[in-house]
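Contents: one structure, followed by commentary.
Residues take their numbers from the sequence shown, with the count starting at 1. Each ligand, and each atom within it, is numbered from 1 in the order the structure gives.
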Amino acid sequence: MNSAKEIWEAALGEIQLQVSKSNYSTWFKGTEGLAYDGDKFLVGVPNTFISEYLEKSQRSLIEKTLIGLIHRGVSVRFQIKWAQEDCSDSKIENRRNNSALYGFNPRYTFDNFVIGAGNRMAHAAAVGAAKRSSEQNYNPLFIYSNPGLGKTHLVQAIGHKALENNLRPVYVSGEQFTNEFVAALRERRTEEFRAKYRSADILIVDDIHFIGGKEATEESFFHTFNDLHNAGRQIVITSDRPPKSMPLLQERLRSRFEWGLAVDIQPPDFESRLAILQSKAEQTQTKVSPDVLDMMAQEIKQNIRELEGKLNRVIAYARLLRAHITPELAVKALRDVASTRSALPEAPNSPQGVIGLVADVFDLTADDLLGRGRDKETAQARQVAMYVMRRQSNSSLSDIGIAFGGRNASTVSYACEKIAQDIAGSHILRRKVEEIQKKLLP
Ligand code: ADP
Ligand code: MG
């Protein structure tokens, strides 16, 4: 069999026989085989929601199916398919698929990295490492910081850049390196393991602290390091602390790390935080008013991942309500996360509001609706709440699923259909639903 596309089509044929029809059409339809390099298989999916679901719940089925078709081990990765206009440029498309095969997040590029006082040095050193123009580079480059400050982003940007410069990057986390090493020992494939890492023009090891104290892995890494270093290849390492405070690491490895340059990343100042928020909002193509960004940048100081996570939450919340993102809405979105499931908040149209209202009418509690109870009353009330949300705001099925504690889009879809049918057959139910809808703002 040949192309990724064909292999995937065959795999879909098999998968279709193994999962339910609705499951198939919710999760597998619209997926596509993008690339296959004899080892990793890249599947294009329409959105993150589907990607996360497949990753979490269907990975083993998919891998098993692929192995059945190509008769060798394969590891699957999922990638969001690019918008149509991007695809017209097949060179860019190839590069992107390519970099995803290497394990790089397409967002983690230098272009998307906001430079500020806290990371200027690290950024400059990273740009240098990606060129590997000659001896003038620091080798190894060792980047350390607290979590969530951009280490992974920066070193993956090196990887993207390296590919553009026709250099071969190998990116691995300390954890993955350890796992692969152990598997190679077990399966007597240490030669293959050695070859993979020694083929790198640039070796990037993210979160090296993970291997500290794992003696055999450290030993193996020590040799890999020496071979690459002697061959003049660039090595880039990240860690949550500087080399000298890695007590578990063997002395000889620690001293190697001090040969090159160790730079830290400090938490961003206010201006950088604001710039990061602006850039993230732009990337999601959402209008967020400047006072909202300002407010968030003032409050969240220590962790960019958290900053980004909260912004995403505010955006998702506004989408669910079909509302503009104002400071009031942002405060509420963030508060609703913190204080879970308060009975009936002021905004009756918020997801929590709808759930509270439905619970009242059905003589249940919000916790019943959000819980996993399956008795008929509770199940119906839950479905009504999903139905009302869908009608009221035309929120996406997946957003509603998320509001109900991470239920599947297909569950929500089924609920909406079921209630539409039940209403047609029952006066009482229809009256209840109308009562709820009347209490919601138009
Ligand atoms: P670390 O590896 O240090 O824990 P990450 O690289 O995973 O941190 O960064 C966390 C999140 O913050 C990522 O989504 C990343 O894109 C974002 N981020 C961090 N620093 C910056 C920056 N300077 N500009 C833009 N985004 C950033
Ligand atoms: Mg990281």
At what distance is the nearest protein heavy atom to [atom], and which residue and atom is it?
atom                    : result
atom 7 (O) of ligand 1  : R305 NH2, 2.9 Å
atom 25 (C) of ligand 1 : N112 O, 3.3 Å
atom 15 (C) of ligand 1 : H153 ND1, 3.4 Å
atom 17 (C) of ligand 1 : E308 OE1, 3.2 Å
atom 4 (O) of ligand 1  : G148 N, 2.7 Å
atom 12 (O) of ligand 1 : I304 CG2, 3.2 Å
atom 23 (N) of ligand 1 : V114 O, 2.8 Å
atom 19 (C) of ligand 1 : G150 CA, 3.4 Å

Indicate yes or no: at least one non-hydrogen side-chain atom of [X] is less than 4.5 angstrom from one of [Y].
X    : Y    : result
L397 : M386 : no
T238 : F142 : no
L370 : I355 : yes

Checklist entry - So is Q156 in contact with ligand 1, going by heavy-atom distances below 4.0 Å? => result no
Next on the checklist: Testing the basics here: between I158 and A129, what is the closest heavy-atom pair and its distance to 0.1 Å?
Outcome noted: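 It is CD1-CB, 4.2 Å.
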Checklist entry - So does T152 have any N/O/S atom less than 2.8 Å away from the Mg ion (ligand 2)? => result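 Of the N, O and S atoms in T152, at least one lies under 2.8 Å from the Mg ion (ligand 2), which means yes.
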Next on the checklist: When you compare ligand 1 with L149, is there at least one nitrogen or oxygen pair between them that comes in under 3.5 angstrom?
Outcome noted: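 Yes, there is a polar N/O contact under 3.5 Å.
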Next on the checklist: Checking N226 against R256: is there a side-chain donor and acceptor pair closer than 3.5 Å?
Outcome noted: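 Yes, side-chain donor-acceptor contact under 3.5 Å.
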Checklist entry - Are N408 and Y53 close enough that a side-chain donor and a side-chain acceptor fall under 3.5 Å? => result no
Checklist entry - Which atoms of ligand 1 have any heavy atom of P147 under 4.0 Å away? => result 4 (O)
Checklist entry - Any idea which part of N119 is under 4.0 Å from ligand 1, heavy-atom wise: side chain, backbone, both or neither? => result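 Just the side chain.
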Item to check | D227/R198 ion pair, N-O < 4.0 Å | outcome: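 Salt bridge flag = yes for R198 with D227.
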Next on the checklist: Less than 4.0 angstrom from a charged side-chain N to a carboxylate O is my criterion; do E251 and R254 meet it?
Outcome noted: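 Counted as a salt bridge, because a side-chain N and a carboxylate O are separated by less than 4.0 Å.
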Checklist entry - Can the ring centroids of F177 and F193 be said to lie less than 6.0 angstrom from one another? => result yes
